[in-house]
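Each ligand, and each atom within it, is numbered from 1 in the order the structure gives. Since this is a predicted model, take the numbers as computed values, not measurements.
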Amino acid sequence: MKKIILLTGFEPFNQETINPSWEAVRSLQGWHEGDFVVHARQLPCVFGHANKVMHRAVEELQPSIVIAVGQAGGRPDLSIERIAINIDDAPIADNQMRQIVDQPIVNSGPAAYFSTLPIKAIVHALREAGLPASVSQSAGTFVCNHVFYGLMHQAHEWGTTMRAGFIHIPYLPQQAAAHPGFASMKLEDMVEGLRIAIRTTLAHTVDLREAGGLTH
Ligand code: PCA
């Protein structure tokens with residue numbers, strides 16, 4: 001039996017008709033790498049509900065690795081998130097028209113969790129492959145951070161060896177065409193980037209030690 005890598009992407013939100021995270025993730029459904037096989041699942045862009053769908057998928061599939069992926073419109077590269085924080089502070093309404101402001105995701109949960117993916121090694125490998133990438137110090141405070149925190153909390157509570165993290169990806173060119181001046185990336189590059197992130201995660205149980213931070 002192959003071990004499972006769970007990839008999640010989101011449904012479209014904020015008046016978009018497509019979400020690159022789901023497009024990229026679903027094209028990797030069934031992809032094999034060594035003893036591992038990818039399962040792709042879509043998450044609703046809805047506070048609370050998204051975490052229920054993620055939690056059920058993790059319970060059902062018992063994955064070794066989970067990489068949640070989301071759209072970060074305007075970001076220029078594949079951004080490998082370092083940290084999930086325990087706060088919802090939505091700048092816009094979610095897909096059920098709820099806008100949560102300044103609420104903890106898990107009452108009395110820790111302030112934050114770090115990704116357990118080898119984030120520096122992933123950025124390094126992506127750049128080597130000619131794909132723009134960076135470490136991101138914040139996944140925001142909308143549904144992506146909500147899912148990232150919920151996932152890391154679940155992993156922590158269970159005390160499993162499951163490794164998990166979050167990757168934000170830019171707009172697709174067709175979306176950026178409607179947002180002049182915003183960066184974009186081709187779907188094939190995003191998909192190749194996710195393959196590289198998976199291979200790098202499998203190859204590195206310990207992260208590289210190289211600078212990836214900011215002065216501000
Ligand atoms: N991006 C949003 C939520 C869903 C998505 O793809 C975010 O960054 O929070």
Which atoms of ligand 1 sit under 4.0 Å from any heavy atom of F142? 2 (C), 3 (C), 7 (C), 9 (O)
Verify, without hydrogens or angle tests, whether R41 (side chain) and M54 (backbone) share a donor-acceptor contact under 3.5 angstrom. no
In ligand 1, the atoms that come under 4.0 Å of a heavy atom of H168 are 7 (C), 8 (O)
Under 4.0 Å from any heavy atom of G70, which atoms of ligand 1 are there? 6 (O)
Looking only at side-chain N and O atoms, does Q103 offer a donor or acceptor that is under 3.5 Å from a partner on H146? no
Could you tell me if any non-hydrogen atom of H146 lies under 4.0 Å from any atom of ligand 1? no
Would you call R56 and E59 a salt bridge, taking side-chain N to carboxylate O under 4.0 Å as the test? no
Quick one: name the residues clustered hydrophobically with F114, using the 4.5 Å side-chain heavy-atom rule over I, L, V, M, F, W, Y, and just say none if it's on its own. I83, I85, I87
Output yes when the distance from some N or O of ligand 1 to some N or O of Q71 is under 3.5 Å, and no in every other case. yes
Taking all heavy atoms of I92 and all of F142, pick out the closest pair and write down the distance. O-CE1, 3.3 Å
Could you check whether any side-chain N or O of D207 sits under 3.5 Å from a backbone N or O of A121, counting only pairs where one atom can act as donor and the other as acceptor? yes
Nitrogen or oxygen atoms of C45 and ligand 1 under 3.5 Å apart: no
For N19, counting its heavy atoms only, list the atoms of ligand 1 lying under 4.0 Å from any of them. 5 (C), 6 (O)
Nearest protein heavy-atom contact for atom 3 (C) of ligand 1: which residue, which atom, what distance? C144 SG, 3.2 Å
